[in-house]
Amino acid sequence: MGVPDADKPTLLVIDGHSLAFRAFYALPVDSFSTRDGQHTNAIHGFLSMLLLLLQNEKPTHLAVAFDISRQSFRTREYAEYKGNRGETPPEFRGQVPLLQDALKAMGVRTLEKEDFEADDILATLATRGAAEGYRVLLVSGDRDTIQLVGDDVTLLYPNTQGVSQLKRYDTDAVVERYGIRPEQYPDVAALVGETSDNLPGIPKVGEKTAVKWLGLYGDLDGILAHADEIKGVVGQNLRDGRENAVRNRKLNQLVRDVELDVELDELVAQPIDLESVRPIFERLEFRTLMERVTKLVTGEANGNGGAAPVPVPAAEAAVAEAPPAPTSRILLDEELATWLQRATAAEPAGLGLSLDVVDGRVIGAGIASSDESLRLPWQPDRAEYAPFEAWLASDAPKIMTDAKGQLKALSRSGLAFDGLVLDTLVAGWMVRPILQEKSLADLVAFYLGETVPQSDPALLVPEEGMDAGAPEYAWYTLRLAPVVLRSLSESSRRLLAEVEMPLVPVLAAMELRGVTVDHAELAELSSDLGERAAALAQSAFAEIGREVNLGSPKQLQEVLFDQLGMPKTRATKTGYTTDASALADLQDSNPHPFLGYLLEHRDATKLRQIVESLDKAIAGDGRIHTTYGQIGAATGRMSSNDPNLQNIPIRTAEGRRIREAFRHGPEYAELLTADYSQIEMRIMAHLSGDPGLIEAFNAGEDLHRFVGARVFSVDPVDVTPLMRTKVKAMSYGLAYGLSAFGLSKQLRIDRAEATQLMKEYFERFGAVRDYLRGVVEQAKIDGYTETIFGRRRPFPDLASPNRVLRENAERAALNSPIQGSAADIIKIAMSRVEADIAARGLGSRMLMQVHDELVFEVAPGESDVLEAVVREGMANAADLQVPLDVQIGRGANWDDAAH
DNA sequence: CGCTTAACGTA
DNA sequence: CGTACGTTAAGCGC
């Protein structure tokens, strides 16, 4: 099994709709679409699977069966058949004709038959094929096809993950999985029912019961004949529902003799003509798939350098088996030194590297060149590994996947490191910043169309330091590099090399450093907040005469709308919102003390929750070590988690007490914070070239006062605080695609005033309006937006016929170049400042990044020099039409250091 | 137990 | 009917 029977031709028949539909749900629709907005995820998934099948199964004969419509003889017999299926998603429907075009271009025969379903065609071809001496492979996501499995007929069934992994069902596998023979399957299905086909079965009868009954009475007829003997509720259910079972059985029987105007030998697999495939693949923007087809045709399917294939257990093997990596060797001492030297010279782009990490420490490594790989155990202070250590520390180019964690392990293990030229995970994110590929295995699946063999973690023996995975990981990483790089624009490649790659070791260092947080301070704060919350809860309960869970929106809705009879708020999926702004509105219209207590209680519990989670995150060294997500946000921003240090409260006095708990370490003198002031507005000024805005920044005057003076036609000194507030909200809202409605809501002014405010604003700053309009227009043409530095973000939904989706995409597109450029700038600044600190031999260190702010720990006596270094690095990170203003503050804690 | 939702903290 | 994130508790379904 699993090995082609050399004597027999192989007939491969695929249920087209079923597999395309599986692919549609397995692959994110957002990530697969062409510039003009055509969704392609189902096509991509289907073709990817087909190529794997062609490569691995080498069928001699081949066909794909489609349903013509939802109508068939089954729906005529039972109108409700499949009647519960909702509308086919429109994003899917359009893909089927394109898939059929692509198959045609590949020379693959498609079959349809009026009044029958694709599965009936599979049944017919399987029956004929087995009779005519073929080995038949069926691919379907419909379980009814299990009945077709036999000596010469194998079913390949997609698992829940998607369509690239197919489970192989021959008779033995069916028996093992279901405990019955394939031909008994329809009887089981008839009893159990099939929700997806709208065929109710016998209530309370599942697979287990059905199989048990089959064992006792042979088949469905036997079971029904003995229905009176079956005791209990299920017995009664069976007697009540026997008609359902009989009907199900009739409908799930596949037709094995559909009249098809095709003979099996007409289905012989055609050689693929690349020139006819190319146009349609180009239309669909399938670059990597085109490469895979090309490789398949030109016979370079494996690319394993002729190394000995690694045998795989055939019984459980997925169809999508990756070509094997070269067998790895272990080299030490002189041999290792020689190999590294030679391989480095032979691979100017770099060697693949993957480190084995256990408990945060290095225990081994895999290194790959394009045709060889090394497996290295490693322990500290052993001379035989010296060449490896020297290579790691040298600037010899290295390519890794998800390097940051591995760099941290190197550092913990006392190993110096340099020469990271490419992290394929970061590169993959730059290609598709709405990241689907979160691991090496994902990247390999997407870019190489292969499956990384799963090593069993239970089999690893860490003490030996010989994780079998590392050499293969290194080898996959090396192979990924050119494929991923080819998918990047030139400016993105430059951004990757000059901004993202230098940042990787910087972030690793920041995470290792962590930041000191005072436990006692947090504990006191937590208990203060806890007491306050409890008191507020009691006051709230007293108002309504009962105790409810104030944290439960559901219970709050009962109190507010049923008990207190307040007017309904904005609808949510599950009822009516009880969020803070809605409660504030209610307080205006229907004042009630309960509302006030509830809001204050929310505040207190939210803060306490943050305090608690921070406290729990303090490590043994008294410091919190967050993890930065370099590939966290689609705009280019970073994220922070475990814990998130980028959302520490600041707006309220209580919140700032949390910041007071962030301290400098004992060896340091103080904390220093540096932030860009109004960086997004400055970027807007730069990108729009608006003379008024540019003047505002160059004048060095308070921005909002300056803008307010223009908008309200008064002198800057006469801008009132209220005017300033309005203009400030307006300015910031612009970069987010704020509407007049949104502005009126936020400022609690009426629509007309908000509209008037926007009108005045745009009359004075017309270039801003033109720019914002232009961004969206250009994005609709290109399908993506770009930052100042050329970072791209695709926006497939800009072409969506769905208004909500499209308008959401428009606002995101509006914002992306602004937020993304700011992210680029601070990333550049971080690398520069880190390098400058090292070059000057300073003891101060960068600890945190909060989007437009950096926090440093200042070594004694370095305050002034550090301030100069930071100011210089940040202010000169980009050369814009307006200056970058950097505000710096210093203090004993994070709050004091804010200015 | 795992998943989704509402709510809310930051820039 | 304002972008980008991460975290939490509640509630639901298995």
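Below, read A as the first sequence line, B as the second, and so on, with proteins coming before strands; counting in each chain starts at 1.
Atoms CE (Met681(A)) and P (dA11(B)) sit 17 Å apart, rounded to a whole Å. When rounded to the nearest whole Å, the span between CG of Leu747(A) and C1' of dC1(C) equals 15 Å. Atom NZ in Lys616(A) sits roughly 7 Å away from atom P in dT8(C) (whole-Å rounding). The CZ atom of Arg602(A) sits 15 Å away from the P atom of dA9(C) (whole-angstrom rounding). Between the CD atom of Glu612(A) and the P atom of dG9(B) there is a distance of 17 Å, rounded to whole Å. In this structure, Leu645(A) atom CG and dA11(B) atom C1' are separated by 14 Å, rounded to whole Å. The distance between atom CD1 of Ile658(A) and atom C1' of dG9(B), rounded to the nearest whole Å, is 9 Å. Per the geometry, CG belonging to Asp615(A) stands 13 Å off P belonging to dT8(C), to the nearest Å.
When the side-chain nitrogen and oxygen atoms of Arg651(A) are compared with OP1 and OP2 of dG9(B), none of them lie within a distance under 4.0 Å. In terms of phosphate contacts, Lys554(A) brings a side-chain nitrogen or oxygen within less than 4.0 Å of OP1 or OP2 of dC12(C).
There is no side-chain donor-acceptor pair under 3.5 Å between Glu511(A) and Thr627(A). In this structure, a donor-acceptor pair under 3.5 Å is present between the side chains of Ser677(A) and Asp885(A).
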Identify each atom pair where a protein N or O and an N or O of nucleotides 2-6 of chain C are less than 3.5 Å apart, giving names and distance.
| from | atom 1 | to | atom 2 | distance (Å) |
| --- | --- | --- | --- | --- |
| dG2(C) | OP2 | Ser739(A) | N | 3.3 |
| dG2(C) | OP2 | Ser739(A) | OG | 2.7 |
| dG2(C) | O3' | Arg811(A) | NE | 3.1 |
| dG2(C) | O6 | Gln746(A) | OE1 | 3.4 |
| dG2(C) | N1 | Gln746(A) | OE1 | 3.4 |
| dT3(C) | OP1 | Arg811(A) | NE | 3.2 |
| dT3(C) | O2 | Gln819(A) | NE2 | 3.3 |
| dA4(C) | OP1 | Arg793(A) | NH1 | 3.3 |
| dA4(C) | OP1 | Arg793(A) | NH2 | 2.9 |
| dA4(C) | O4' | Gln819(A) | OE1 | 3.3 |
| dA4(C) | O4' | Gln819(A) | NE2 | 3.1 |
| dC5(C) | OP1 | Ala634(A) | N | 3.0 |
| dG6(C) | OP1 | Ser639(A) | OG | 3.1 |
| dG6(C) | O4' | Asn644(A) | ND2 | 3.0 |

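Expressed to the nearest 0.5 Å, how far CD of Glu810(A) lies from CG of Leu798(A) amounts to 6.5 Å.
Aromatic rings from Tyr732(A) and His704(A) are positioned such that their centres are separated by under 6.0 Å.
Here Glu207(A) pairs with Arg177(A) in a salt bridge; the nearest charged N to carboxylate O distance falls below 4.0 Å.
The residue Ala580(A) sits close only to the backbone: its heavy atoms come under 4.0 Å of sugar-phosphate atoms, none of a base. Contact annotation for Asp603(A): backbone-only contact, meaning every heavy-atom pair under 4.0 Å involves sugar-phosphate atoms and none involves a base.
Shown here is Phe762(A), whose CZ atom has more than 12 heavy atoms of other residues, nucleotides or ligands within 6.0 Å.
Scanning both residues, Thr626(A) and Ser640(A), for their nearest heavy atoms gives OG1-OG, 2.8 Å.
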